[in-house]
2 protein chains.
Amino acid sequence: MNISAATDYGMRALLQLTENYLANPEERVTVLEIAEVQKIPVKFLESILRQLQQSGLINSKRGANGGYRLARKPKEISVAMVIRILDGPLIAVKGEKPEDHKYTGSAGNLQEVWIAARVAVREIFEEVTLHQIATGALPAKIKRAIDQPGAWTRRLTI
Amino acid sequence: MNISAATDYGMRALLQLTENYLANPEERVTVLEIAEVQKIPVKFLESILRQLQQSGLINSKRGANGGYRLARKPKEISVAMVIRILDGPLIAVKGEKPEDHKYTGSAGNLQEVWIAARVAVREIFEEVTLHQIATGALPAKIKRAIDQPGAWTRRLTI
DNA sequence: ATATTCCCTATAAAGTTTATAGGGAATTAC
DNA sequence: GTAATTCCCTATAAACTTTATAGGGAATAT
């Protein structure tokens, strides 16, 4: 299960826009500025920002002093929104939504496992907002998770 | 985030082997039998089963009356093991492990969000075993998740 | 011996992700 | 009203991953 480059780039761009928003909610930032700071290929970032714009998360203006800024408060933009826009559904099975799968026989309950995984992922990504990430004030649930023993280390157990 | 066809096929094959194991732990099932029941392309399934065999989850024998059977008890094989063998790490960011990412500035805490997601996914996939899925005796945590309102419906909130 | 069944390497087909190119349209500044 | 700036849009390419397929080799049972 992979978080795409597009989502990672998009999140970083949005976090830069959040920083900018918290300093001055009216001011805009250009694609070029974000691309330089975050070291993201300009044309790729352009298409990412356009998707975020068309979904209503950010707001654009052309011309001199143009650029992008957040269209909502940073507290009203979750990680889940960004993933769904740039990467599609949080969890897919063979490219389809988990609830669309039909299993038979001994595999009958497999679907429930995929659904449970989706619930778990939703509980993280739908709860965390740009504001929390930018300010470092992550929810208690997240803090608890990242403080767990082994959270930061690879697990190879087979 | 996608559960690959390989993982889905592998899980279904293993669940069929589990059913077989619970009836008679010595008996073997051929690739062809599994492919027919589960409707999986034979040659693709062959390569999946070989990976599971080389990782020690199943056990093979050639020749007449040959085939595959589980190499461990169904209670000792988790979904996480299968995903790691067939799909790689449970969560990757831009193809790399989340802990290998370095973020700066306002994106500094982004890594913690990815790590928290990995913890959440681990808590599901490392806990659920073939035995639980085959018998329908899923852990309470899973049951609670799939009974949650909205667990089975798509979420479009942007 | 022969039939069966897994083992292995190489390769192809399809699909997705990650870009890149090039020009168009709006906006501002002068 | 002209030039500079900046986002907008479509098409395409490059790279990579996933999903297979082909063909023959090696072990096993009878």
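We name chains A, B, ... by the order of the sequence lines, and we start the count at 1 in each one. Keep in mind that what you see is a predicted model, and the values were worked out from it rather than measured.
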### Summary
Closest of dT20(C), dG23(D), dT18(C) to the Lys43(A) side chain is dT20(C)
Grab the [atom1]-[atom2] distance between [X] and [N] for me, whole Å please.
| X | N | atom1 | atom2 | result |
| --- | --- | --- | --- | --- |
| Arg28(B) | dT4(C) | CZ | C1' | 14 Å |
| Arg50(A) | dT6(D) | CZ | P | 17 Å |
| Leu32(A) | dT5(D) | CG | P | 11 Å |
| Leu45(B) | dT18(D) | CG | C1' | 16 Å |
| Met1(B) | dT16(C) | CE | P | 18 Å |
| Ile48(B) | dC6(C) | CD1 | P | 14 Å |
| Ile40(A) | dA19(C) | CD1 | P | 10 Å |
| Leu49(A) | dA19(C) | CG | P | 14 Å |

### Task
Salt-bridge test for Arg122(A) and Glu127(A): reply yes if a basic N is under 4.0 Å from a carboxylate O, no otherwise.
no
With a cut-off of less than 4.0 Å, is there a side-chain N or O of [X] near OP1 or OP2 of [N]?
| X | N | answer |
| --- | --- | --- |
| Gln54(B) | dC8(C) | yes |
| Ser60(B) | dC7(C) | yes |
| Gln53(B) | dC6(C) | no |
| Tyr9(B) | dA20(D) | yes |
| Tyr68(B) | dC7(C) | yes |

### Message
Gln53(A) vs Ser60(A), test: side-chain hydrogen bond (donor to acceptor under 3.5 Å, both in side chains). Steps then yes/no.
### Response
CA-CA 7 Å; Gln53(A) 197 267 3; Ser60(A) 70; 3.2 Å; yes
### Task
Could you pull out all residues at least two apart from Ala92(B) that satisfy side chain to side chain contact (heavy atoms under 4.5 Å, CB included)?
Asn2(A)
## Note on the structure
Those residues at least two apart in sequence (or on a different chain) that pass side-chain hydrogen bond (donor to acceptor under 3.5 Å, both in side chains) with Asn20(A) are Glu27(A)
### Message
What I want to check is whether an N or O donor and acceptor connect the side chain of Glu46(B) with the base of dC7(C) at under 3.5 Å.
### Response
yes
### Task
Hey, which sits more toward the 5' end of DNA chain C by its nearest nucleotide, Gly66(A) or Pro41(A)?
Pro41(A)
### Summary
Residue pair Lys94(B)/Thr30(B) against DNA chain C: nearer the 5' end by closest nucleotide is Thr30(B)
### Summary
So CG of Asp147(A) and CD1 of Ile115(B): to nearest 0.5 Å the spacing works out to 11.5 Å
#### Entry: Pairwise distance NZ(Lys75(B)) to OG1(Thr129(B)) - rounded to 0.5 angstrom
8.0 Å
If you look only at pairs with a residue in [range], which of them pass as a ring pair (Phe, Tyr, Trp, His ring centres under 6.0 Å), with sequence neighbours excluded?
| range | answer |
| --- | --- |
| residues 49-98 of chain B | none |
| residues 111-156 of chain B | Trp114(A)-Phe125(B), Phe125(A)-Trp114(B) |
| residues 24-47 of chain B | Tyr9(B)-Phe44(B) |

### Task
With sequence neighbours left out, write down each residue that passes ring pair (Phe, Tyr, Trp, His ring centres under 6.0 Å) with Tyr21(A), or none if nothing qualifies.
none
Distances for protein N/O vs nucleotides 28-30 of chain D N/O pairs under 3.5 angstrom?
unit_1	atom_1	unit_2	atom_2	d
dA29(D)	OP1	Lys61(B)	NZ	2.7

Report, one line per pair, each donor and acceptor closer than 3.5 Å where one atom sits in a side chain of residues 33-42 of chain A; sequence neighbours left out.
unit_1	atom_1	unit_2	atom_2	d
Glu33(A)	OE1	Thr30(A)	N	3.0
Gln38(A)	NE2	Gln16(A)	OE1	2.9

### Message
Under 4.0 Å, counting only non-hydrogen atoms across every strand here, what does Val31(A) touch: a base, just sugar-phosphate, or nothing?
### Response
sugar-phosphate
### Query
Near DNA chain C, which residues from residues 10-18 of chain B have a heavy atom under 4.0 Å away?
none
### Query
What string of B, S and - do you get for nucleotides 11-17 of chain D 5' to 3' if you count protein non-hydrogen atoms under 4.0 Å?
-------
#### Entry: Pair listing, salt bridge (Lys or Arg N to Asp or Glu O under 4.0 Å) test, anchored in residues 45-64 of chain B, at least two apart
Lys43(B)-Glu46(B)
### Summary
Lys73(A) meets the salt bridge (Lys or Arg N to Asp or Glu O under 4.0 Å) criterion, sequence neighbours left out, with none
